Student: 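I'd like to ask you about the structure that follows.
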Amino acid sequence: MDNELMIVDQWGEKFGIQDLNDKKFLENITPQQLENIAYRKKEIGIAFKKVDEVLKERLNQGEQFPHIIFSETKHANIDQSEQTKKAFVKKYGWDAVQVKTPKQLKEKYGEDIQPDLDKVTVYTTGQRLKYE
């Protein structure tokens, strides 16, 4: 494909966007190739975040771009007043309200809440990608 965006690894091996969108292609490449692509993805992701950051700053400063504008978005949030919480608990039960995270509770009540958190905090493990 002409003018296709490509990722090129340190050995000059090229991977086109069509390749990267093809799960069968990705399943059949070597572990080293997949790792190299993953590192390039990480580098590109950081760069694109910086591009977005500067773009937003410039839009906020009034600069105009022919094809990029801010659009209005609508977010739905439930009123967090005590009255609302009580009404929802009464009508729907305790599942209708959410206890804050340990971090949120510490921010609101300070470190004095830690002994109470230690009694009820449940730790789970998960997996995340770690680049070394």
Side-chain angles (χ1 to χ4, degrees):
M1 174 182 246
D2 292 335
N3 299 321
E4 180 184 12
L5 184 61
M6 302 193 108
I7 291 179
V8 181
D9 69 13
Q10 63 263 37
W11 294 285
E13 198 166 7
K14 298 175 184 174
F15 301 96
I17 296 299
Q18 285 184 338
D19 294 333
L20 300 177
N21 280 321
D22 183 354
K23 187 172 180 180
K24 287 187 185 206
F25 171 82
L26 294 173
E27 289 172 345
N28 291 315
I29 61 177
T30 68
Q32 185 64 43
Q33 288 172 316
L34 187 58
E35 184 177 31
N36 290 336
I37 291 170
Y39 271 98
R40 301 298 80 78
K41 177 193 79 81
K42 184 176 189 227
E43 292 167 352
I44 290 169
I46 292 168
F48 282 142
K49 284 182 183 179
K50 291 184 191 309
V51 169
D52 286 345
E53 182 181 311
V54 171
L55 180 64
K56 288 175 185 177
E57 287 173 7
R58 289 173 65 173
L59 282 166
N60 281 328
Q61 294 168 355
E63 195 166 335
Q64 295 183 353
F65 298 88
H67 305 289
I68 302 172
I69 60 170
F70 276 130
S71 65
E72 292 293 321
T73 59
K74 201 181 249 192
H75 298 278
N77 293 310
I78 297 173
D79 171 40
Q80 294 296 308
S81 69
E82 196 71 25
Q83 181 182 2
T84 300
K85 290 178 184 178
K86 284 180 182 178
F88 270 68
V89 168
K90 184 176 181 179
K91 187 169 183 178
Y92 301 105
W94 284 104
D95 283 346
V97 294
Q98 180 181 9
V99 176
K100 297 183 182 321
T101 65
K103 181 182 177 189
Q104 291 169 326
L105 289 167
K106 280 185 202 175
E107 287 172 357
K108 184 167 183 167
Y109 300 109
E111 289 295 323
D112 293 342
I113 197 169
Q114 188 60 51
D116 292 327
L117 289 176
D118 290 339
K119 296 174 190 171
V120 296
T121 301
V122 177
Y123 294 95
T124 58
T125 58
Q127 293 181 317
R128 70 176 180 90
L129 295 175
K130 181 179 178 185
Y131 293 82
E132 298 175 343

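It should be emphasised that the depicted structure is a prediction, and the values quoted were computed from it without experimental measurement. Keep in mind that the numbers below use all heavy atoms, side chains included, and drop hydrogens, waters and symmetry copies. By convention here, the first residue in the shown sequence is residue 1.
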Student: In this structure, are over 12 heavy atoms from other groups packed under 6.0 Å from Q64 atom CD?
Tutor: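 Incorrect, the count does not exceed 12.
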Student: If I take atom OH from residue Y39 and atom CD from residue Q10, how far apart are they, to the nearest 0.5 angstrom?
Tutor: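 Answer for the OH-CD pair, Y39 versus Q10, is 10.5 Å.
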Student: Does the distance from a Lys or Arg side-chain N to an Asp or Glu carboxylate O, for R40 and E43, drop under 4.0 Å?
Tutor: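 Result for this pair is yes, salt bridge flagged.
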Student: To check you understand the geometry: which heavy-atom pair defines the closest contact between F25 and D19, and what is its length?
Tutor: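 Heavy atoms only, the tightest pair is CD2-O, 3.3 Å.
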Student: To the nearest 0.5 Å, tell me how far K14 NZ sits from D9 CG.
Tutor: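 If we round to the nearest 0.5 Å, K14:NZ and D9:CG are 11.0 Å apart.
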Student: So, do L26 and L20 sit near enough that their side-chain heavy atoms are less than 4.5 Å apart?
Tutor: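 With C-beta onward as the side chain, the pair touches.
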Student: Is I69 reachable from L55 through a run of I, L, V, M, F, W or Y residues, each pair having side-chain heavy atoms under 4.5 Å apart?
Tutor: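 No, it is not one cluster - the side chains of L55 and I69 are not joined through contacts under 4.5 Å.
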Student: Looking at F70, I'd like to know if its CZ atom is crowded, meaning that more than 12 non-hydrogen atoms belonging to other residues, nucleotides or ligands lie closer than 6.0 Å.
Tutor: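 Yes - once you tally the heavy atoms of other residues, nucleotides and ligands closer than 6.0 Å, there are more than 12.
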Student: With a 4.5 Å cut-off on side-chain heavy atoms, are T84 and I78 touching?
Tutor: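 In short, these two side chains touch, coming nearer than 4.5 Å.
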Student: Going only through I, L, V, M, F, W and Y residues with side-chain contacts under 4.5 Å, is there a path from I44 to I46?
Tutor: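 No.
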Student: In Å, rounded to the nearest 0.5 Å, how long is the span from CZ of R58 to NZ of K56?
Tutor: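 Answer for the CZ-NZ pair, R58 versus K56, is 15.0 Å.
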Student: Atom CG of N36 and atom NZ of K41: how far apart are they, to the nearest 0.5 Å?
Tutor: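 Interatomic distance, N36 CG to K41 NZ, rounded to 0.5 Å: 14.0 Å.
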Student: Is the backbone N or O of E111 less than 3.5 Å from a side-chain atom of Q114, with the two atoms forming a donor-acceptor pair by type?
Tutor: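 Not at all, since once roles are kept as given, no pair shorter than 3.5 Å links the two residues.
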Student: With a 4.5 Å heavy-atom cut-off, do Q104 and T101 have their side chains touching?
Tutor: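 Yes. Closest side-chain heavy atoms under 4.5 Å.
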Student: Which pair of heavy atoms, one from K24 and one from N28, lies closest together, and at what distance?
Tutor: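 So the minimum-distance heavy-atom pair works out to O-ND2, 2.9 Å.
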Student: Tell me whether L5 shares a hydrophobic cluster with I37, the cluster being built from Ile, Leu, Val, Met, Phe, Trp, Tyr side chains joined at under 4.5 Å.
Tutor: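 Shared cluster, yes.
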Student: Side chains of V8 and E13: does their closest heavy-atom pair fall under 4.5 Å?
Tutor: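 No, every pair of side-chain atoms sits at 4.5 Å or beyond.
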Student: Can you confirm whether more than 12 heavy atoms, excluding those of D95, are under 6.0 Å from its CG atom?
Tutor: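 No, because the 6.0 Å sphere around CG of D95 holds 12 heavy atoms or fewer from other groups.
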Student: So with a 6.0 Å cut-off around CZ of F48, is the heavy-atom count from everything else above 12?
Tutor: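 It does not: F48 CZ has 12 such atoms or fewer within range.
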Student: Which value, rounded to the nearest 0.5 Å, describes the distance between E57 atom CD and D52 atom CG?
Tutor: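 Spacing of CD (E57) from CG (D52) equals 11.0 Å.
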Student: Just checking Y109: does its OH atom have more than 12 heavy atoms from other residues, nucleotides or ligands closer to it than 6.0 angstrom?
Tutor: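 Atom OH in Y109 is not crowded, with 12 or fewer foreign heavy atoms closer than 6.0 Å.
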Student: Does atom CD (Q98) have a neighbourhood of more than 12 heavy atoms from anything else shown, all under 6.0 Å?
Tutor: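 No, the 6.0 Å shell around CD holds no more than 12 heavy atoms from other groups.
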Student: Just wondering, more than 12 heavy atoms not from E27 lying within 6.0 Å of its CD?
Tutor: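 More than 12 within 6.0 Å, yes.
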Student: Quick one: which residue pairs count as a ring pair (Phe, Tyr, Trp, His ring centres under 6.0 Å) with a foot in residues 5-24, not counting sequence neighbours?
Tutor: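 Not a single pair qualifies under ring pair (Phe, Tyr, Trp, His ring centres under 6.0 Å).
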Student: Check whether any side-chain heavy atom of D22 lies under 4.5 Å from a side-chain heavy atom of Q18, and answer yes or no.
Tutor: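 SC-SC contact between D22 and Q18 ruled out.
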Student: Quick check: closest heavy atoms across G110 and I113, and the distance to 0.1 Å?
Tutor: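 Heavy atoms only, the tightest pair is O-CG2, 3.2 Å.
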Student: Check whether any side-chain heavy atom of I7 lies under 4.5 Å from a side-chain heavy atom of I17, and answer yes or no.
Tutor: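 The answer is no; the side chains never approach within 4.5 Å.
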Student: Name all residues meeting the salt bridge (Lys or Arg N to Asp or Glu O under 4.0 Å) criterion together with D116; count only those two or more places apart in sequence or in a different chain, and write none if there are none.
Tutor: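 Expected list: K119.
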Student: Tell me which one of E107, K106, K100 satisfies side chain to side chain contact (heavy atoms under 4.5 Å, CB included) with K103.
Tutor: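 So, applying the side chain to side chain contact (heavy atoms under 4.5 Å, CB included) to K103 and each of E107, K106, K100, only E107 qualifies.
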